Asker: 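I am attaching a structure below and will ask some questions about it afterwards.
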Amino acid sequence: MMFRLIYILALMVLIIMIWAGCNSNYDGEIVDSYTELENGWQEYASGNYGSAILAFEGALNGEAPTDIIADSYNGLGWTYLGISQNIDVNSANIDNAISKFHKAIEKDQANTDAMVGHAVALLLRRSTSEDYHEAIKLVDSALNGDSSHIYRHDYKSKADLHAFKSQCYCYLGEIDKAKIEVDLALSMEYDNKTAISIKKLIY
């Protein structure tokens with residue numbers, strides 16, 4: 001009886017140790033992914049796009065939480081956009097950016113920063129009129145979403161985003177809608193440079 005009790009206790013201790021070890025490893029992977037994500041954004045901000053890609057890719061390894069995975073894809077999207085705008089608008093990089101932003105939104109449908117990035121990439125691609133329509137939809141979704149995460153990059157205000165929509169409508173040849181958006185942007189921010197430039201072209 002005593003032997004059986006000791007055996008059961010030893011077995012329980014072993015199970016607890018194994019569980020603790022696995023849990024510790026999982027926590028370690030989360031910390032590593034978070035660190036890689038932070039490193040990725042730091043490298044991106046410094047314009048070190050090659051290092052940023054490596055860091056964001058590193059954050060995707062392991063069992064990272066969904067928000068880290070989503071923001072890693074978002075980071076990759078912005079980095080590929082950065083490469084294109086820093087050197088030359090390269091269609092392969094734009095397509096890569098679109099793919100990464102799509103994955104970010106797929107993982108986290110509340111990632112408004114990825115929505116804006118996706119819209120920018122579509123505007124840069126200018127493949128078909130559908131790109132402009134989709135870009136406008138994405139910006140509208142971002143404007144109706146979590147505003148605390150929209151303005152992490154090139155677009156710093158609602159006025160910027162309405163000016164962006166005005167650009168899309170200009171490319172579509174829908175000048176009346178472009179005027180509505182540019183006027184709305186200037187009513188929010190009278191000195192918005194993008195909106196002022198667009199107004200000079202369409203009025």
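Just so it is clear, the model here is predicted, and its values are computed rather than measured.
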Asker: Rounded to the nearest 0.5 Å, how far does CD1 of I198 lie from CG of D183?
Answerer: 11.0 Å

Asker: At what distance, to the nearest 0.5 angstrom, does OH of Y203 lie from CD1 of I175?
Answerer: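 Going from OH on Y203 over to CD1 on I175, the span is 10.5 Å.
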
Asker: Going from NZ on K165 to CG on D140, what distance comes out if it is rounded to the nearest 0.5 angstrom?
Answerer: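 If I round to the nearest 0.5 Å, the distance is 3.5 Å.
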
Asker: Over all heavy atoms of both residues, which pair between A163 and A185 is shortest? Give the atoms and the distance, please.
Answerer: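 Closest heavy-atom pair between A163 and A185: N-CB, 3.9 Å.
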
Asker: About how many Å separate OG of S187 and CG of N192, when rounded to the nearest 0.5 Å?
Answerer: 10.5 Å

Asker: Determine whether L37 and L81 fall in the same hydrophobic cluster, where Ile, Leu, Val, Met, Phe, Trp and Tyr are linked whenever their side-chain heavy atoms lie under 4.5 Å apart.
Answerer: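 The answer is yes; both residues are in one hydrophobic cluster.
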
Asker: Shortest non-hydrogen contact from M115 to Q109?
Answerer: CE-O, 3.0 Å

Asker: Please examine the side chains of I202 and C170, heavy atoms only from C-beta on, and report whether any two atoms are closer than 4.5 Å.
Answerer: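 In short, these two side chains touch, coming nearer than 4.5 Å.
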
Asker: Could you see if L54 belongs to whatever hydrophobic cluster contains I68? Use Ile, Leu, Val, Met, Phe, Trp, Tyr and a side-chain cutoff under 4.5 Å.
Answerer: no

Asker: Please round to the nearest 0.5 Å and tell me the distance separating atom NZ of K103 and atom NE2 of H118.
Answerer: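 Taking NZ in K103 and NE2 in H118, the distance rounds to 12.5 Å.
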
Asker: For E43 and T79, what are the C-alpha separation, side-chain angles and deciding distance, and is it a side chain to side chain contact (heavy atoms under 4.5 Å, CB included)?
Answerer: CA-CA 9 Å; E43 296 294 346; T79 302; over 6 Å; no

Asker: Which pairs with one or both residues in residues 75-85 pass salt bridge (Lys or Arg N to Asp or Glu O under 4.0 Å), sequence neighbours excluded?
Answerer: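 Not a single pair qualifies under salt bridge (Lys or Arg N to Asp or Glu O under 4.0 Å).
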
Asker: Looking at CZ of F164 and CD of E181, how far apart are the two atoms once the value is rounded to the nearest 0.5 Å?
Answerer: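 The CZ atom of F164 sits 11.5 Å away from the CD atom of E181.
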
Asker: When hydrophobic residues are tied together by side-chain contacts of less than 4.5 Å, even through go-betweens, does V116 share a cluster with F56?
Answerer: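 Yes, because V116 and F56 connect within a single hydrophobic cluster, where side-chain heavy atoms sit under 4.5 Å apart.
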
Asker: With a 4.5 Å cut-off on side-chain heavy atoms, are I53 and Y80 touching?
Answerer: yes

Asker: Is the backbone of K193 close enough, under 3.5 Å, to the side chain of S197 for a donor and an acceptor to pair up by distance?
Answerer: yes

Asker: Is a side-chain N or O of N48 found less than 3.5 angstrom from the main chain of S51, in a donor-acceptor match?
Answerer: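 Not at all, since once roles are kept as given, no pair shorter than 3.5 Å links the two residues.
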
Asker: Which atom pair, heavy atoms only, marks the closest approach of A70 to K107?
Answerer: CB-CB, 3.8 Å

Asker: Could you tell me which non-hydrogen atom of A178 sits nearest to which non-hydrogen atom of S166, and how far apart they are?
Answerer: O-OG, 2.8 Å

Asker: Under the salt bridge (charged side-chain N to carboxylate O under 4.0 Å, His left out) test, which residues partner K100, sequence neighbours left out?
Answerer: none

Asker: Quick one: list whatever passes side chain to side chain contact (heavy atoms under 4.5 Å, CB included) with T128, sequence neighbours left out.
Answerer: E130, D131

Asker: Show the nearest heavy-atom pair for residues F101 and W78, with the distance to one decimal.
Answerer: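 Distance-wise, the nearest heavy atoms are CZ-N, 3.3 Å.
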
Asker: Is a side-chain N or O of S99 found less than 3.5 angstrom from the main chain of D95, in a donor-acceptor match?
Answerer: no

Asker: Quick one: does L60's side chain get under 4.5 Å of Y73's, heavy atoms only?
Answerer: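 L60 vs Y73: side chains touch.
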
Asker: Taking ILVMFWY side chains as joined if any heavy atoms are under 4.5 angstrom apart, and letting links pass through other members, which residues group with M188?
Answerer: L184

Asker: Does one hydrophobic cluster hold both L138 and Y171, with members joined at side-chain heavy-atom distances below 4.5 Å?
Answerer: yes

Asker: Connecting only ILVMFWY residues whose side-chain heavy atoms lie within less than 4.5 Å of each other, what is the rest of Y190's hydrophobic cluster?
Answerer: none

Asker: Output all residues satisfying side chain to side chain contact (heavy atoms under 4.5 Å, CB included) with E174, sequence neighbours left out; order by chain, then residue number.
Answerer: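 Expected list: H133, Y169, L172, K177.
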
Asker: Write down the atom of C168, the atom of A135, and the distance for their closest heavy-atom approach.
Answerer: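 Looks like SG-CB, 4.0 Å.
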
Asker: Would you say L186 and I180 are hydrophobically clustered, going by side-chain heavy atoms of ILVMFWY under 4.5 Å?
Answerer: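 Result: no, two separate clusters.
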
